[in-house]
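Comments concern the structure below.
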Amino acid sequence: MRHGGNTILPNVFIFFFLADLRLGSAVGTTITPTQFITDPQTIVSSKDGIFRLGFFSLGDSRSRFVGIWYNNIPGPTIVWVANRDHPVTNSSGVLKIASDGNLVVLDGQGKLCWSTNVTGTVSDHLLAELLDTGNLVLRDSSPNFNHNEGRYFWQSFDHPTDTLLPKMQFGVNLRTGKEQKITSWKNDSDPSTGDFTLEFDPYVIPQLIVKKGSQRKWRSGPWVEEFLGMDHPGSDFKLERDYSKGAIFLSLLYDGKSPLSRIVLESDGKLVGKQWHEEKKEWQTSWSSDTYNDCGPFGVYSQYSAHTCSCLRGFEPKSMNEWKDGNWSGGCVRRKDLQCEILSYKTSDQNSERTKADGFLEVEIWNVPDYFHLSQGISYEQCHDKCLHNCSCIAYSYSNYDPNFGCMWWTGDLMDMRKTSEQLGFNLHIRVANSELGKSCFSSS
């Protein structure tokens, strides 16, 4: 296994991988139009030599890839791959700056396997440099070049594969619609494009989403100085906005005691945070994503409860037999219709409970339900009334904790709800029939 924090790799596998990387020595820290690397040569990152760039293979495969890995950490810890879907099929590959100014990977016959594919870089003063952050940059070779200005023609941080590294910015340009995605490997020994993607959704309220195709597999919950749905300290991320460029992005932070940190979207779709433990000489998992909407519509997930899933008061399991067997995917359904629904039936019974107004049950939550709408600039009372007088509104939540929030409201099934005993400033108000109003908000059914 490539990313496993505590997984013991077979000794044979490690030997062949490390032997492969050691076939060639580092030839410097940069690539220029006149100085390139051929397989198996490598370059190391400038300054402290934390990262190495070169050709590699995995296992007994003959496919050769250009990638970046940690220089002084044993084991195959690849953080970026250039030609992930177009490997060189033998050990005659070349990584060079081409005549058009692009950094390219060529096979022994000169066939193009990968290119930075940018324009306007034709110059005799180009160089490609691997930085100690793990960022491969194509830039001007002027001795007065200032890395802090970030004026690169191209950088690998803008084109991540399956890994987020500290100081990498991961986000979306709201003006152009250009967005970055993290894509898993096909499997632990094949770095080609896999089935899962990590996307940053900046609209309404920013959140991270893992997808398999168009199907959601996990989400972080909305950002409120941290992601509400992540069961680890929110200090792993920093949300930033560049209004001049119309961009919004996340930066990965790390504990100063463990600068070798990364977040990996693994081939099975799990998003995993890892930190290198120098004394134990191993990667340790600091947190891992769980699954999406385990308890189905109107079901509430509680990790620390005897009942993993429960129904909100006023709801009951859609299938009691499945629920008892531990299959909660069907979720919960209402026990009694809402007033709006009864009125829509146009019943003739003037004494029916349609004369009793619907009410709201307040629930303390960890992660607000998915697919919410947002109305900013209104008060709590206006938020309450907005939902109460709209029959399609089935829940609302209000917070003035952050200026980007306000009134959140839902019109469809409540999906991916999580329960917590902590007060996070996001209490959910669920519309229920009047007869369901009471003190207890959950039913273990």
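- With Trp276 contributing its side chain and Lys281 its backbone, the two residues share no donor-acceptor pair below 3.5 Å.
- Ring centers of Phe360 and Tyr396: under 6.0 Å apart, within the cut-off.
- Around atom NE2 of His86, no more than 12 heavy atoms belonging to other residues, nucleotides or ligands sit under 6.0 Å away.
- Counting non-hydrogen atoms of other residues, nucleotides and ligands closer than 6.0 Å to NE2 of His125 gives a total of 12 or fewer.
- Pairs passing the salt bridge (Lys or Arg N to Asp or Glu O under 4.0 Å) check and including a residue from residues 375-396, sequence neighbours excluded, do not occur.
- Atom NZ of Lys318 sits in a sparse spot, with 12 or fewer heavy atoms from other residues, nucleotides or ligands closer than 6.0 Å.
- Note: Phe249 and Phe170 fail the aromatic proximity criterion, with ring centroids not under 6.0 Å apart.
- The side chain to side chain donor-acceptor pair (under 3.5 Å) with Ser267 is formed by just one residue from the set Asp188, Asp195, Asp190, Asp162; it is Asp188.
- Geometric assessment of Arg262 against the ring of Trp283 yields a positive cation-pi assignment under the 6.0 Å and 45° thresholds.
- For Trp80 and His159, the side-chain atoms include no donor-acceptor pair closer than 3.5 Å.
- Both the sub-6.0 Å distance and the 45° axial angle are satisfied by Arg139 relative to the ring of Phe145.
- Of the possible donor and acceptor atoms, one in the side chain of Ser379 sits under 3.5 Å from a partner among the backbone N and O of Gln382.
- Cys387 pairs with Cys393 as a disulfide, the SG atoms being under 2.5 Å apart.
- Below 30°, between 30° and 60°, or above 60°: for Tyr380 and Tyr398 the angle between ring planes is above 60°, a perpendicular geometry.
- Counting only N and O atoms by type, the side chains of Ser329 and Asn327 include a donor and acceptor under 3.5 Å apart.
- Remark: aromatic rings of Tyr70 and Phe51 are close, center separation under 6.0 Å.
- One finds the OG atom of Ser288 at 7.5 Å from the CG atom of Leu271 (value rounded to the nearest 0.5 Å).
- A salt bridge links Arg418 and Asp290; the closest N-O separation between the charged side-chain nitrogens and carboxylate oxygens is under 4.0 Å.
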